[in-house]
Number of protein chains: 2
Amino acid sequence: MIKLDKIDHAILDTLQKQGKLSNVELAEIVGLSESACLRRVKNLHEKGVVTHYAAHLDAKAIGLPGTVFVRVSLEKQQEERLNAFEEAVKDVPEVMECYLMGGDVDYMIRVVVKDAPDYERVHNILTRLPGVARVHSSFALRTVLKRTRLPLQKS
Amino acid sequence: MIKLDKIDHAILDTLQKQGKLSNVELAEIVGLSESACLRRVKNLHEKGVVTHYAAHLDAKAIGLPGTVFVRVSLEKQQEERLNAFEEAVKDVPEVMECYLMGGDVDYMIRVVVKDAPDYERVHNILTRLPGVARVHSSFALRTVLKRTRLPLQKS
DNA sequence: ATTGCCTTTGCAAGGACATTGCGAGGCTTT
DNA sequence: AAAGCCTCGCAATGTCCTTGCAAAGGCAAT
């Protein structure tokens, strides 16, 4: 794990909130000169702490207001089956997150959709992925909170 | 809903992948002049399609490799109770997502943590939020896929 | 405490970029 | 067909990014 001092934390915390901030503004916020600030940001990239920058869209504005949590159980828990499913699920663009779970369910998936009929389409895709035995869907009625800013405490 | 043409889609799709792209590079990718491209990007901001830009961090690199899905049931489903819980959950920085769910569970929450002991701390916080009756936790064994790029199909 | 080494900083300059105004072209409406 | 509107490309100004270099700070060993 990479050592991060207080200024690094300030940089990361700020860039998580305002990724498009100019370097001069960022430098002023964290209390560094432009060059020193830019070097630290670059370093955080090279060390892999910052993976990438992304514009975030309003899901409603582009016609994808729906969120569905899908729990997928596979037929067998063989290694090759897991890989086949995992590779296949990456090709479904509506799938935003996928986690291998402990407990009675194999995968937890978050899917974005236009509406209920649109989810039927995605549902059919998911049930046909390799190794899938059961698919259990839970619709979200409303998004209460969606955050991209990871908490940066003292490590 | 805002009307988006093919170029808008290209802009959004590109900025979702590479939010730090310079305007000149973006203009070349989408096949526009710099000024025209910049105006469209600005417009997408003003219309609320693009909400903000964010740097994305490697959760492992900053010591938060764990993901826990938490299902929270409230005591009563009164409007005021929902609001109290929702406002309180926003103040828990480890909570990255929170959805009001249909079905037998009230809220679905995704939490990031350092490890199991760290989750105990967060668990205690969550159980003490206003109106909480039951908290059911599911640890993710592994992150298979985490995407920030929403699918932009023909609407 | 002092020396030496290494890291990180601030300053300055050149080059790249963002941002505005202006006129031209295309599309829709009447 | 003509008018109006929207969006485009071009050009110029101001801001920002980016690199080199010398100085200051932190750390370890003596």
Side-chain angles (χ1 to χ4, degrees), chain A residues 1-58 60-64 148-150 152-155, chain B residues 1-58 60-64 148-150 152-155:
Chain A
M1 202 149 75
I2 297 96
K3 279 189 65 176
L4 302 172
D5 64 10
K6 203 157 190 171
I7 297 180
D8 287 321
H9 275 196
I11 290 174
L12 293 174
D13 204 42
T14 305
L15 288 181
Q16 280 194 113
K17 290 184 286 185
Q18 303 162 259
K20 200 103 195 205
L21 219 56
S22 76
N23 184 57
V24 269
E25 292 170 302
L26 180 62
E28 187 171 4
I29 289 173
V30 302
L32 242 60
S33 73
E34 302 175 21
S35 58
C37 182
L38 188 68
R39 271 188 289 259
R40 288 181 91 117
V41 172
K42 265 188 173 178
N43 189 39
L44 289 167
H45 272 107
E46 288 164 4
K47 296 286 164 57
V49 180
V50 176
T51 58
H52 71 290
Y53 291 85
H56 286 265
L57 313 185
D58 182 1
K60 294 191 209 93
I62 60 170
L64 292 170
T148 55
R149 180 183 170 199
L150 291 164
L152 290 168
Q153 265 80 300
K154 61 211 171 296
S155 61
Chain B
M1 202 150 73
I2 298 97
K3 278 189 64 176
L4 301 172
D5 63 10
K6 204 159 190 171
I7 297 180
D8 287 322
H9 276 197
I11 290 175
L12 293 174
D13 204 42
T14 305
L15 288 182
Q16 281 194 112
K17 291 183 286 186
Q18 302 161 260
K20 200 107 197 197
L21 218 58
S22 75
N23 185 56
V24 272
E25 293 171 301
L26 179 63
E28 188 171 5
I29 289 173
V30 302
L32 243 58
S33 75
E34 303 175 20
S35 58
C37 183
L38 188 67
R39 271 188 289 258
R40 289 181 90 115
V41 171
K42 266 190 172 177
N43 190 38
L44 290 167
H45 273 105
E46 287 163 5
K47 296 288 165 57
V49 180
V50 176
T51 58
H52 70 290
Y53 291 83
H56 285 264
L57 313 185
D58 182 0
K60 295 192 209 91
I62 59 170
L64 292 171
T148 56
R149 180 184 171 198
L150 292 165
L152 291 168
Q153 265 80 298
K154 61 212 168 297
S155 60

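Quick caveat: nothing in here was measured; it's all calculated off a predicted structure. Here is the naming used below: chain letters follow the sequence lines, and residue numbers restart at 1 for every chain.
The OG atom of B/Ser22 sits 9.5 Å away from the CD atom of B/Glu28 when rounded to the nearest 0.5 Å. Between the CG atom in B/Asp58 and the CG atom in B/Leu64 there is a gap of 10.5 Å [rounded to 0.5 Å]. Summarising the geometry, atom CZ belonging to A/Arg149 is positioned 11.5 Å from atom CG belonging to A/Leu12; distances are rounded to the nearest 0.5 Å.
Rounded to a whole Å, the NZ atom of B/Lys20 is 14 Å from the C1' atom of C/dC17. The CG-P distance, from B/Leu38 to D/dC16, rounds to 15 Å in whole Å. The nearest whole Å value for the distance from the CG atom in A/Leu32 to the C1' atom in D/dG25 is 13 Å. Put simply, CD on A/Glu34 is 14 Å from P on C/dA13, counting in whole angstrom units. Whole-Å rounding puts the B/Asn43 CG to D/dC6 C1' distance at 11 Å. Rounded to whole angstrom, the span from the CD atom of B/Glu25 across to the C1' atom of D/dC17 amounts to 13 Å. Following rounding to the nearest Å, A/His45 (NE2) and D/dT18 (P) show an atom-to-atom distance of 11 Å. Taking atom CD1 of B/Ile7 as the reference point, atom C1' of D/dC6 lies 13 Å away to the nearest angstrom.
Distance from the side chain of B/Asn23 is smallest for C/dA18 among the nucleotides C/dA18, D/dC17, C/dC22. Which of C/dC17, D/dC8, C/dT9 sits closest to the side chain of B/Arg39 comes down to D/dC8. Considering only side-chain atoms of A/Lys42, the nucleotide from C/dT20, D/dT18, D/dG9 that sits closest is D/dT18. Residue A/Ser22 places its side chain closer to D/dC17 than to any other of D/dT19, C/dT19, D/dC17. Here the side chain of A/Arg40 is nearest to one of C/dT19, C/dT9, C/dG10, namely C/dT9.
Note on A/Asp5 versus A/Arg40: salt bridge recorded, some NZ/NE/NH1/NH2 to OD/OE distance being below 4.0 Å.
Nearest heavy atoms, B/Ala54 versus A/Gln16: CB-O, 3.4 Å.
When heavy atoms are screened at a 4.0 angstrom cut-off, B/Ser35 is found touching base atoms of the nucleic acid.
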